[in-house]
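Order of the sequence lines sets the chain letters (A, B, ...), proteins ahead of strands, with each chain counted from 1.
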2 protein chains.
Amino acid sequence: MKPRTDLLQGTLEMLVLTTLADEPMHGWGICERVQELSEDVLKLNHGSLYPALQRLKRRGWVRSEWRQTENNRRARYYALTAAGRTHLGDEVAQWRRSSQAVERILDLLPGAGE
Amino acid sequence: MKPRTDLLQGTLEMLVLTTLADEPMHGWGICERVQELSEDVLKLNHGSLYPALQRLKRRGWVRSEWRQTENNRRARYYALTAAGRTHLGDEVAQWRRSSQAVERILDLLPGAGE
DNA sequence: TGGCTTCCTATCGACGGTCGACATAAGCCA
DNA sequence: TGGCTTATGTCGACCGTCGATAGGAAGCCA
């Protein structure tokens, strides 16, 4: 397996795909969900989210359709495709490997372990 | 505490500072060390490392001096400053918070937990 | 009716970190 | 002499993220 050289980028896309794994959501909802689930540690900017959504769609990992919100507003609902689900699995596995590697290095810090 | 919006970037700098926490090293050695400690999961490119080292130096987190290698070659040895050590502590704390938040979200994935 | 707030999508320019390729030099060894 | 390893560094291109900005539609209230 080749080492990843880009370190921990692309987390945003993984997070978006993850929140869509349960059920289709619209962009606004994705933002709220991530912030809420992370207990305000993480935050998605709209200016980052929508371009990301377009990338994911272009790559076929996500599909979208206009629907009506519970609040009777029109919104684009995004849903994970089969390919997207597979890709998400790969992303998560890679992220876990990388973050564990970082953790291993951090644990060597004086005053970290024991 | 404000949520971090830049997600998991800047890991490279944290990793560099971490490897310098033990003892001063030269750039080449830092690359090798990170790759080795991470068991080839992580890899630092020279083209990313040296600019990063210059940033760290400019910010006063690292100090450098020319020295002789074990192999009798000249190399720039980088050492963590006191400010750098403090900053590293902050970075690590923030990284742990963020990665744990990501992990919490990932754990909600169907087939992840239980 | 008018105006305000909330919900929701979207784009833009700027910024900055990373990448891969390239240049350079010095020591080692055959 | 030539080639390999160690070592530092630069460069242009790319791309994701950011913060600001725009705008539309529904709901609320006076």
- Query: Can you name the one residue among B:K57, B:H26, B:Q54 that meets side-chain hydrogen bond (donor to acceptor under 3.5 Å, both in side chains) with B:S64?
  - Reply: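 Result for side-chain hydrogen bond (donor to acceptor under 3.5 Å, both in side chains) with B:S64: B:K57.
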Looking at [N], I'd like to know if its phosphate oxygens (OP1 or OP2) sit under 4.0 Å from a side-chain N or O belonging to [X].
X	N	result
B:N45	C:dG20	yes
A:R74	C:dC7	no
A:T69	C:dC7	no
B:Q68	C:dG27	no
A:N72	D:dG27	yes

Rounded interatomic separation in angstrom, taking [atom1] from [X] and [atom2] from [N]:
X	N	atom1	atom2	result
A:E70	C:dC7	CD	P	12 Å
B:L12	C:dG16	CG	P	17 Å
A:H46	D:dG23	NE2	C1'	14 Å
A:R67	C:dT9	CZ	P	12 Å
B:M14	C:dT18	CE	P	12 Å
B:L56	C:dG17	CG	C1'	13 Å
B:L49	D:dT10	CG	P	12 Å
B:I30	D:dT8	CD1	P	8 Å

Is the shortest distance from a Lys or Arg side-chain nitrogen in [X] or [Y] to a carboxylate oxygen in the other one below 4.0 Å?
X	Y	answer
A:E65	A:R63	no
B:D90	B:R96	no
A:E13	A:R59	yes

- Task: Kindly indicate whether the side chain of A:R73 and the base of C:dT6 share any N or O donor-acceptor pair separated by less than 3.5 Å?
- Result: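 Such a pair is found, so the answer is yes.
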- Item | Touch class at under 4.0 angstrom, heavy-atom based, for B:Y78 against every strand present |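 Touches sugar-phosphate only.
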- Query: A:G27 near the nucleic acid: base, sugar-phosphate alone, or nothing, with a heavy-atom cut-off under 4.0 Å?
  - Reply: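 If one applies the 4.0 Å heavy-atom cut-off, A:G27 turns out to touch the sugar-phosphate alone, with no base involved.
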- Only one of A:V62, A:T19, A:V16 clears side chain to side chain contact (heavy atoms under 4.5 Å, CB included) with A:Y78; which?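 Of the listed residues A:V62, A:T19, A:V16, the side chain to side chain contact (heavy atoms under 4.5 Å, CB included) partner of A:Y78 is A:V62.
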- Message: If you assign A:A75 and B:N71 each to the DNA chain C nucleotide with the nearest heavy atom, which residue ends up on the more 5' nucleotide?
- Response: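 Per heavy-atom nearest nucleotide, the more 5' residue is A:A75.
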Check every atom of [options] against the side chain of [X] and return the nucleotide holding the closest atom.
X	options	answer
B:H26	C:dC8, D:dA7, D:dA26	D:dA7
A:R55	D:dG16, C:dT9, D:dA26	D:dG16
A:W28	D:dG27, D:dT8, C:dC8	C:dC8
A:Q54	C:dA10, C:dT18, D:dG16	C:dA10
A:W66	C:dT11, C:dT9, C:dC8	C:dT9
A:Y50	C:dT11, D:dA7, D:dG16	C:dT11

- Query: Would you call the rings of B:H87 and B:W61 parallel, tilted or perpendicular if under 30° counts as parallel and over 60° as perpendicular?
  - Reply: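 If you compare the ring of B:H87 with that of B:W61, the planes turn out parallel.
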